[in-house]
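In this chain, numbering begins with 1 at the start of the sequence shown. These numbers were taken from a predicted model, which means no experiment stands behind them. The analysis underlying the following values was restricted to heavy atoms, covering all of them including side chains, and did not include hydrogens, waters or symmetry mates.
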Amino acid sequence: MLKSRMTRDDGRAPEEIRRRNLGALLRHVHLHGPLSRAALGTRTGLNRSTIMALTADLAAAGLVRESGLSSTGRAGRPSVVVRPESERVHVLAFDVAVDRLAAARVGLGGTIIDRRDAVRSRAGADLDVVVGVLAELGRELRHGTPPDSVCVGVGASYCGMIRPSDGMVRFGPDMGWVDQAFGAELGRRLGLDLPVLVGNEAHLGAMAEHQRGAGVGVRNLIYLHGDVGVGGGIIVDGELLDGDAGYGAELGHMMVNPYDGRPCGCGSRGCLEAEVGERALLDAADRPAGLIGREAVRAVVDAADHGDPAARDALRRIGDWLGIGVANLINLFNPGLVVFGGMLRDVYRGSAAQVRARIAENVLPVSRERVRLSVSTLGDDATLVGAAELAFAALLADPLAGARPGSSPAAAPPVTHPAG
């Protein structure tokens with residue numbers, strides 16, 4: 001588990017030290033649920049009186065409540081338990097995939113309190129439609145919110161390359177989005193006087209799996225997310241690798257078959273997503289051109305399980321290309337864990353043998369010694385959970401400012417969350 005970023009005495013002003021410590025303590029409760037004061041002291045290294053003062057401040061702000069007693073397992077008095085105020089403090093989270101839209105009210109502590117889903121048709125550049133549907137879902141979620149509950153942020157996941165500063169979708173090849181002002185438009189339609197923070201779906205999925213899913217406690221991981229194409233997120237030493245402008249880790253556009261490769265939506269040929277994406281699998285399995293979507297992919301995997309020769313051959317072929325991509329990534333980044341999310345959860349289920357064979361054949365021995373492969377434990381909620389964490393970032397950076405009703409931080413800080 002990574003060390004908490006608590007601050008004691010590093011030359012900063014006392015108020016800055018207090019702000020950072022409040023944020024770090026709240027992050028522990030947010031990510032790990034109810035914790036005793038004693039456990040918080042052990043995790044942070046701060047003394048009992050400091051923990052008491054910090055939790056009192058957070059409780060006064062309505063962010064946590066202190067209740068009950070928990071045995072510490074050692075001699076001495078039981079310790080008060082600190083719990084996140086999940087009903088009182090929430091964010092709105094949105095997820096835009098190629099075929100579906102999702103919205104949720106997520107309480108502090110990561111609890112999905114309420115959610116709505118809608119179908120998205122593959123109709124090209126559909127910004128107005130997507131924003132309109134999401135805004136309506138957001139209104140429905142707010143209608144069921146208790147009167148004393150405070151929305152402290154809005155986050156959204158989109159299947160494309162996102163400019164973090166303003167939520168602009170710079171490039172979304174699957175649906176033809178180029179320089180679409182998604183974040184600004186959704187914020188305007190929601191009317192909450194809060195910025196909509198937007199992230200790439202695979203980046204947010206990587207964050208979510210690192211903090212709450214298969215990658216908890218893992219310092220270095222790679223997350224591969226399949227929708228129609230393939231996206232990627234890389235966690236290095238506990239932090240998201242996002243690149244110079246926020247467009248890093250486009251793993252789906254790693255070149256794996258440059259000479260005989262399938263055409264890719266990005267304009268190139270032989271990209272990883274072109275060789276392992278939805279259409280590649282369905283074509284390899286001789287499925288009709290009009291057959292699309294997640295259920296069609298699952299049907300191929302199920303057919304292979306039941307002995308269908310075309311489906312089995314398709315998964316072997318797709319699994320080989322997927323294994324080549326994963327082998328390259330392991331050699332490059334030496335992760336402790338590779339997580340398969342979205343559609344790739346199903347593809348990996350049917351092609352794990354081919355992926356592992358490529359790793360055995362093509363990965364440097366010392367790099368494959370400890371690496372583990374896993375499917376996403378958050379399932380189809382990984383990107384939505386990541387969007388919620390993006391929305392909570394400003395509150396966790398400055399809890400007392402972020403908890404004030406009507407507060408509207410300009411932007412979240414860089415996404416560099418410790419696991420502990």
Side-chain angles (χ1 to χ4, degrees), residues 1-8 10 19-33 35 39-40 42-46 84 108-110 155 157 162 164 197 199-225 231-251 326 329-341 367 369-374 376-378 382-383 385-399 411-420:
M1 182 167 62
L2 301 185
K3 293 181 179 178
S4 174
R5 294 179 179 176
M6 304 300 284
T7 305
R8 295 172 185 80
D10 58 1
R19 182 185 67 81
R20 288 173 63 88
N21 285 346
L22 283 167
L25 192 148
L26 183 61
R27 183 179 299 283
H28 277 287
V29 177
H30 173 62
L31 290 178
H32 304 293
L35 292 169
L40 287 168
T42 300
R43 287 168 178 261
T44 62
L46 296 177
L108 186 66
S157 163
I162 310 300
L197 305 176
N200 169 271
E201 63 175 354
H203 288 191
L204 297 182
M207 284 173 47
E209 290 294 334
H210 175 56
Q211 294 174 356
R212 298 186 179 277
V216 170
V218 178
R219 296 174 66 90
N220 299 280
L221 70 83
I222 292 174
Y223 174 77
L224 285 166
H225 184 86
I234 301 175
I235 303 292
V236 177
D237 197 22
E239 299 185 0
L240 182 71
L241 181 67
D242 57 1
D244 187 59
Y247 311 133
E250 278 292 328
L251 306 185
V326 171
L329 293 170
I330 294 173
N331 281 333
L332 281 169
F333 294 101
N334 184 213
L337 179 68
V338 179
V339 181
F340 300 93
S367 296
E369 286 176 345
R370 296 176 57 186
V371 67
R372 295 185 294 113
L373 307 181
S374 173
S376 163
T377 58
L378 296 175
T383 49
V385 170
E389 293 305 317
L390 187 63
F392 276 118
L395 174 71
L396 299 178
D398 192 352
V415 182
T416 55
H417 302 323

Can you list, pair by pair, the side-chain donor-acceptor contacts under 3.5 Å of residues 334-341, counting residues two or more places apart and other chains?
none

Rounded to the nearest 0.5 Å, what separation is found between the [atom1] atom of [X] and the [atom2] atom of [Y]?
X	Y	atom1	atom2	result
Asp242	Tyr247	CG	OH	11.0 Å
His28	Leu40	NE2	CG	7.0 Å
Ser367	Leu329	OG	CG	12.0 Å
Asn220	His210	CG	NE2	9.0 Å
Phe392	Leu197	CZ	CG	12.5 Å
Ile235	Arg219	CD1	CZ	12.0 Å

Practice item. Let me know which of Asn21, Leu108, Leu31 forms a side chain to side chain contact (heavy atoms under 4.5 Å, CB included) with Leu26. Key: Leu108

Flag the pair [X] / [Y] as yes when at least one side-chain heavy-atom distance between them is below 4.5 Å, and no otherwise.
X	Y	result
Leu251	Ile222	yes
Ser157	Glu201	yes
His30	Leu395	no

Using only atom types and a distance under 3.5 Å, with no angle test, would you say the side chain of [X] pairs donor to acceptor with the backbone of [Y]?
X	Y	answer
His225	His203	no
Glu209	Ala214	yes
Arg19	Ala397	yes

Practice item. Enumerate the residue pairs fulfilling salt bridge (charged side-chain N to carboxylate O under 4.0 Å, His left out) with a member in residues 329-339, sequence neighbours excluded, ordered by first and then second residue. Key: none

Review point. By side chain to side chain contact (heavy atoms under 4.5 Å, CB included), which residues pair with Leu241, not counting sequence neighbours?
Key: Ile234, Val236, Phe333

Please name the pair of heavy atoms, one in [X] and one in [Y], separated by the smallest distance, quoted to 0.1 Å.
X	Y	answer
Ser376	Tyr223	CB-CE1, 4.5 Å
Ala245	Pro164	O-CD, 3.5 Å
Gly386	Ala208	N-CB, 3.7 Å
Ala391	Gly155	CB-N, 3.4 Å
Gly232	Ala202	N-CB, 3.2 Å

